[in-house]
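Below: the structure, in structure tokens.
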Amino acid sequence: MIRDSSKKTSSNSQGSENEALAVGLPLSPASEAFAEILLCEIALKNRDRFTIVWNILSAHYNSRLTYRPSRGGEDADKEHQSEAIKLTPGIEKCVTGILRLCVWTSNRNMIANQVLPTLNILHPPLGALIWSPLELNLDKHLAEGLWKICRNVDGLTQVDTEGWGGILGLAEWCATRGGLRSDQLGSLADDDPSLQAFRSLHLILHAVELKDSLQVYRWPHIVRSVRCLVEAGERGHCPKLSIAGLDLLQVLHTRTESLATNDGGSQHLLNCWVPILEAISEPAEKSKNGSVRQQAISLLTDTLLDRHGSRVPVDSGLCSIMNTISIPLAGKRITDLLRIPYDDVQNDLEETMIELELCISLLFKPFLHHLKALVSVKEEFVGIWISMLGIMTQLLGEEAPARNEEDNAAVREGVVTREKLFLTTKELGSEHLRNAVMVLAAMGVLIDDVDDSKSDEQLEFSSVTWSALRSIGYCKPFLEDWKSNCSESSV
């Protein structure tokens, strides 16, 4: 029996003497580490009897690394409090032994499914091992073991549900622990845990052999890991990692196409699709890097334009996605971008213009693409349209200012000024709004608010729309032209 030097012995001297007589004196840290190495070597040498040996090893590893909650309240004795295992040479070799056995058994079909779930005790919530980034830790050690397991693609084709749970759980932990800054700005160290997690997830999602091995209900687990990767890129000021994480989300979105083609699987598709959209929208809203935000907003727009949106329920699916994800995101980003300071440099203004254009596209393109389906659920449709008008009122609320000589000179020289940025954005937003109004008129949803021959619902919707458009200062000069075109379209 290996005495665990990472755990404190009881303060009762008489109890310590009795325990010492029962199990012997504790081993030195070096002897403890050597004993762990011997256990692993014995298991690897007894390959034909590994199942018998593993029953003993599994109990040993679980007894050393599994988290044990406290058995009492706050006033319980210290010896009954939850145990947190400190990193010692013996514990380090214990973790190494688990990783070596998982790597070795990953290409052995029957044994792998027994050993790989043990990876869950290497990290919370099952694992009790703790360490500080300021001290020696095993993050990079675990990440290297994860990569060695995942690169054996042929072996992973036979892994069952519990085995995948262990692998993906370790991948999520490694992604969480990464993102430490390196000496080079904009990059991470080659052995950063988040990079190893990305390599592993990238291989799992792109390997042709594993396409049918990873079950659909495991995709939300991968989505959580990718979200941790994007956050690691933010912590380490590495936009490449964040954008690479968005690419993995796009791969998962493409994988859901098989669910979109199945009849009767609309709710199942929605349950798998929404976490992906939420993961994409998070960096689009919170990332401090402009290129990451632009990539996320563009990707979110493209995913909403895909045919997945026509396969999910309209009221509880598509409308809910637009009301909770796309429209609030576009409105928040437009609001934040309109608050840019006057002294921003040229490059920041150009990036701001690009992002504003992407936000306007996110607001209108999915709406027009799915308009026929949205109109079928009247209450949700009216709510979505009013929310969009509210955002456009904020963007186009003021009338277009007259250009002065400095603005004309800036236009001739191709220089982006704050005034030119807002003017260009308002022109683009006004054009998108006009297109939406024309399409609604062509479908007979929007009519002239003085036409009494139409239904009450049409009149009410049209009255609210024209009233909102009249309050938008930038649109006032074009409003009569829009109404005349609407009348012609509805004829």
Side-chain angles (χ1 to χ4, degrees), residues 185-186 230 233-234 237-247 249-250 253 277 279-306 322 325-369 388 390-398 400-401 403 406-436 472 474:
L185 184 63
V230 176
E234 287 291 315
H237 298 282
C238 182
K240 291 182 180 179
L241 179 60
S242 299
I243 294 176
L246 292 173
D247 292 339
L249 293 174
Q250 185 176 15
H253 166 75
L277 297 177
I280 297 173
S281 66
E282 186 174 9
E285 176 184 353
K286 299 179 180 180
S287 177
K288 297 178 181 179
N289 186 277
S291 61
V292 176
R293 292 196 304 270
Q294 293 172 19
Q295 179 74 11
I297 295 172
S298 178
L299 178 58
L300 182 60
T301 304
D302 292 340
T303 54
L304 291 176
L305 294 178
D306 213 337
M322 296 185 70
I325 298 179
S326 63
I327 294 179
L329 171 62
K332 186 177 185 305
R333 289 308 306 153
I334 289 175
T335 302
D336 293 341
L337 292 170
L338 291 178
R339 295 173 180 170
I340 61 172
Y342 282 87
D343 56 350
D344 265 18
V345 296
Q346 174 77 14
N347 291 338
D348 290 341
L349 289 174
E350 292 177 352
E351 293 296 319
T352 301
M353 180 182 293
I354 295 173
E355 190 169 347
L356 280 170
E357 293 175 355
L358 291 174
C359 290
I360 294 172
S361 297
L362 174 62
L363 191 64
F364 281 98
K365 284 186 177 180
F367 174 78
L368 294 176
H369 184 76
M388 294 174 61
I391 296 173
M392 297 309 295
T393 301
Q394 184 178 14
L395 178 63
L396 307 175
E398 299 177 359
R403 289 184 177 179
E406 293 181 1
D407 295 334
N408 293 330
V411 171
R412 289 193 298 269
E413 296 174 3
V415 178
V416 178
T417 63
R418 192 174 189 272
E419 289 71 18
K420 180 182 178 182
L421 181 148
F422 286 146
L423 181 60
T424 304
T425 303
K426 288 184 176 184
E427 290 176 354
L428 178 64
S430 176
E431 184 64 25
H432 276 277
L433 182 58
R434 178 189 178 279
N435 291 339
I472 301 178
Y474 188 87

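Remember, predicted model here, so these are calculated numbers, not experimental data. Computed from heavy atoms alone, side chains included, the values below leave out hydrogens, waters and symmetry copies.
Listed by first and then second residue, the salt bridge (charged side-chain N to carboxylate O under 4.0 Å, His left out) pairs that reach into residues 289-306 are Arg293-Glu355, sequence neighbours excluded.
By the side chain to side chain contact (heavy atoms under 4.5 Å, CB included) test, Ala436 pairs with Phe364, Leu368, Trp385, sequence neighbours left out. Taking the ring-ring contact (aromatic ring centres under 6.0 Å, His included) definition, one finds that Phe422 meets it with nothing, sequence neighbours left out. Looking at residues two or more places apart in sequence or on another chain, you find no side chain to side chain donor-acceptor pair (under 3.5 Å) involving Lys365. The side chain to side chain contact (heavy atoms under 4.5 Å, CB included) test applied to Ile243 returns Asp247, Ser291, Val292, Gln295, not counting sequence neighbours. Legend: residues meeting side chain to side chain donor-acceptor pair (under 3.5 Å) with Thr335, ordered by chain and number and at least two apart, are Gln394. Under the side chain to side chain donor-acceptor pair (under 3.5 Å) criterion, Ser298 pairs with no residue at all, not counting sequence neighbours. Partners of Glu234 according to the side chain to side chain donor-acceptor pair (under 3.5 Å) rule, which considers only residues two or more places apart in sequence or in another chain, are Ser287. By the side chain to side chain contact (heavy atoms under 4.5 Å, CB included) test, Lys286 is found to be paired with Glu282, residues two or more places apart in sequence or in another chain being considered.
Residue Ile297 holds its CD1 atom at 11.5 Å from CG of Leu363, rounded to the nearest 0.5 Å. Put simply, CD on Glu351 and CD on Gln294 are 4.5 Å apart, with the number rounded to the nearest 0.5 Å. Interatomic distance, Leu329 CG to Ile334 CD1, rounded to the nearest 0.5 Å: 9.5 Å. Atom SG of residue Cys359 and atom CD1 of residue Ile354 lie 12.0 Å apart, to the nearest 0.5 angstrom. In this structure, CE on Met353 lies 12.5 Å from CG on Leu358, to the nearest 0.5 angstrom. Note: Ile280 CD1 to Gln250 CD = 8.0 Å, rounded to the nearest 0.5 Å.
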Step by step, work out the side chain to side chain contact (heavy atoms under 4.5 Å, CB included) result for Leu337 and Thr425.
-> CA-CA 11 Å; Leu337 292 170; Thr425 303; over 6 Å; no

Please lay out, stage by stage, how Ile325 and Leu304 fare under the test side chain to side chain contact (heavy atoms under 4.5 Å, CB included).
-> CA-CA 11 Å; Ile325 298 179; Leu304 291 176; over 6 Å; no

Could you please spell out the steps behind the side chain to side chain contact (heavy atoms under 4.5 Å, CB included) verdict for Leu249 and Thr303?
-> CA-CA 10 Å; Leu249 293 174; Thr303 54; over 6 Å; no

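Residues Thr301 and Leu305 meet the side-chain proximity criterion, which asks for heavy atoms closer than 4.5 Å.
Annotation for Leu433 and Ile472: closest pair CD2-CD1, 4.2 Å, computed over non-hydrogen atoms. Nearest heavy atoms, Leu246 versus Pro283: CD2-CG, 3.8 Å. Nearest approach of Ser281 to Leu300, heavy atoms of both residues: CB-CD2, 4.2 Å.
A distance-only check finds no donor-acceptor pair linking the side chain of Ser430 to the backbone of Lys426 [under 3.5 Å].
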